[in-house]
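Read through the structure below, which is laid out as structure tokens, and then see the notes.
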Amino acid sequence: MAGRRATVTGWGAYLPQQVLTNHDLERMVDTSDEWIVTRTGIRERRIASPTETTLQMSKVAARQALTVAGIEPQHLDLIIVATITPDLLMPATASLLQAELGASRAGAFDLVAACSGFVYAMTVGAQFIAAGTAETVLVVGADALTRWVDFTDRSTCVLFGDGAGAAVLQATTADEGILSSVLGSDGTGGMHLYLEGFHELLSANGMHPPKRPAMRMHGSEVFRFSVRVMGEAAVEAIAKAGLQLDEIDLLIPHQANLRIIDAAAKRLGLPPEKVWINLDRYGNTSAASVPICLAEAADAGALRPGMNVVLVAFGGGLSWAACVVRWGWSGVPGRG
């Protein structure tokens, strides 16, 4: 019998309506569909409209997750939103989401770990549950990164899309749920992926308005880092869970680059059918990437009770995170 753990009982996702294809980008910047697909695996991505805010996308994904779990918002003890694109610096997106949902009993805070954010937030939520200070936690990953993309910079504008994903975690003593987690950061590489001009925006006066902040990336450095760390983090999390590599049934990786995903799968010895990929349709949705994949896999019936699933991500910071989840959802809402 396992000790007290956090198990996933609900999930949801939201993708904006507007589709931006590689062929659209060919008319905007010096690039081509072949160049983008060959180097990234991306064919199209979703772009948030002015009304599709981080909060609104989070709300839709969260409500779906609560419905799947059979949970009313008033039963939530904690809401964690992982985002680097909040609609406001204050109050937290999680606090605004609490109000939108009517989750009057829940504590709420945002977590900033870039593309690693959702796995970080899952780990934090699981710790609240393991400690007995929460029974039910809503975890959301949501970002609208295209609002900070420079569409004249072909090294970044082809990569990112917008979206949100959510999961409900509940306490269980069954042999399921989050078995292990690994979190890491290397701040010495922080300036390889950053938002340029944000400090100038905050410190500027009205006489000299700054340029709009924009994502900047040193692609070769980030690529080398991610190829190494995705596999290493996954292997470490699997070992911490007391499992062997051949006991992993599905890999749900951050959707940043197909070559990075392939390298992680190769490190784990997983065939393509055991790796969930939607990168071609959505691009890199930052903190929303992993939970959107999780929701898709669950909705498609690719997750069955007893399966061992690895969630792994890397992002700005530079950061990385991985966790192993033994899937326990049996199709009975509210089970725990």
Side-chain angles (χ1 to χ4, degrees), residues 1-13 61 64-65 67-71 118-123 125-126 129-130 136-139 141 165-182 230-255 261-262 264-279 288-313 321-336:
M1 178 71 70
R4 182 181 168 95
R5 289 183 182 144
T7 191
V8 178
T9 61
W11 57 84
Q64 289 179 8
T67 297
V68 172
I71 296 296
F118 180 78
V119 185
Y120 261 77
M122 286 270 285
T123 300
I129 288 174
T136 305
V137 178
L138 173 66
V139 180
V168 172
L169 303 179
Q170 290 185 269
T172 184
T173 55
D175 189 19
E176 63 183 66
I178 297 176
L179 307 183
S180 67
S181 296
V182 170
M230 284 267 279
E232 288 181 356
V235 168
E236 184 179 351
I238 292 166
K240 284 183 68 175
L243 300 175
Q244 302 298 315
L245 297 185
D246 60 6
E247 294 180 276
I248 301 305
D249 299 296
L250 187 67
L251 174 67
I252 297 182
H254 172 49
Q255 307 288 301
I261 294 172
D262 287 345
K266 183 178 180 180
R267 176 71 183 272
L268 301 180
L270 293 176
E273 60 269 22
K274 289 190 174 185
V275 183
W276 196 266
I277 296 174
N278 60 22
L279 173 74
S289 168
V290 169
I292 290 172
C293 285
L294 181 68
E296 280 193 344
D299 287 340
L303 296 172
R304 296 179 298 279
M307 290 180 67
N308 296 317
V309 183
V310 174
L311 313 181
V312 61
C323 67
V324 177
V325 179
R326 179 163 295 146
W327 196 251
W329 196 84
S330 63
V332 181
R335 184 193 58 80

query = Does a side-chain heavy-atom distance below 4.5 Å link M230 with L251?
reply = no

request  = Establish, from distance only, whether the side-chain atoms of T172 and T7 form a donor-acceptor pair under 3.5 Å.
outcome  = no

key: Step-by-step side chain to side chain contact (heavy atoms under 4.5 Å, CB included) determination, V8 to M122   = CA-CA 10 Å; V8 178; M122 286 270 285; 4.1 Å; yes

query = Would you call L268 and V235 a side-chain contact if the rule is heavy atoms closer than 4.5 Å?
reply = yes

task = Using modelled atom types only, decide if a donor and an acceptor are shared between the side chain of S181 and the backbone of C323 within a distance under 3.5 Å.
result = no

key: Closest approach of A237 to A322 (non-hydrogen atoms, all atoms of both residues)   = CB-CB, 4.0 Å

Test applied, side-chain contact (heavy atoms from CB on, under 4.5 Å); reference residue, V324; option that passes from I238, L311, I178 = I238

query = Tell me, do L294 and L303 make a side-chain contact under 4.5 Å, heavy atoms counted?
reply = yes

message = Restricting to non-hydrogen atoms, name the atom on P253 and the atom on C293 that form the minimum distance, rounded to 0.1 Å.
response = O-SG, 4.4 Å

remark   = Shortest non-hydrogen pair, A297 vs I252, comes out as CB-CD1, 4.5 Å

Beyond-backbone contact of I129 with Q170, side-chain heavy atoms, under 4.5 angstrom = no

query = Are I248 and K274 close enough, and set up right, to give a side chain to side chain contact (heavy atoms under 4.5 Å, CB included), and what steps lead you there?
reply = CA-CA 9 Å; I248 301 305; K274 289 190 174 185; over 6 Å; no

task = Search all heavy atoms of S180 against all heavy atoms of K240 and return the closest pair with its distance.
result = CB-CB, 3.7 Å

task = Please determine which of V325, N308, V309 meets the side-chain contact (heavy atoms from CB on, under 4.5 Å) test together with L179.
result = N308

query = Does the side chain of T136 reach to within under 4.5 Å of the side chain of V168, using non-hydrogen atoms?
reply = yes

ask   = What are the two closest non-hydrogen atoms of G10 and V68, and how far apart are they?
value = CA-CG1, 3.8 Å

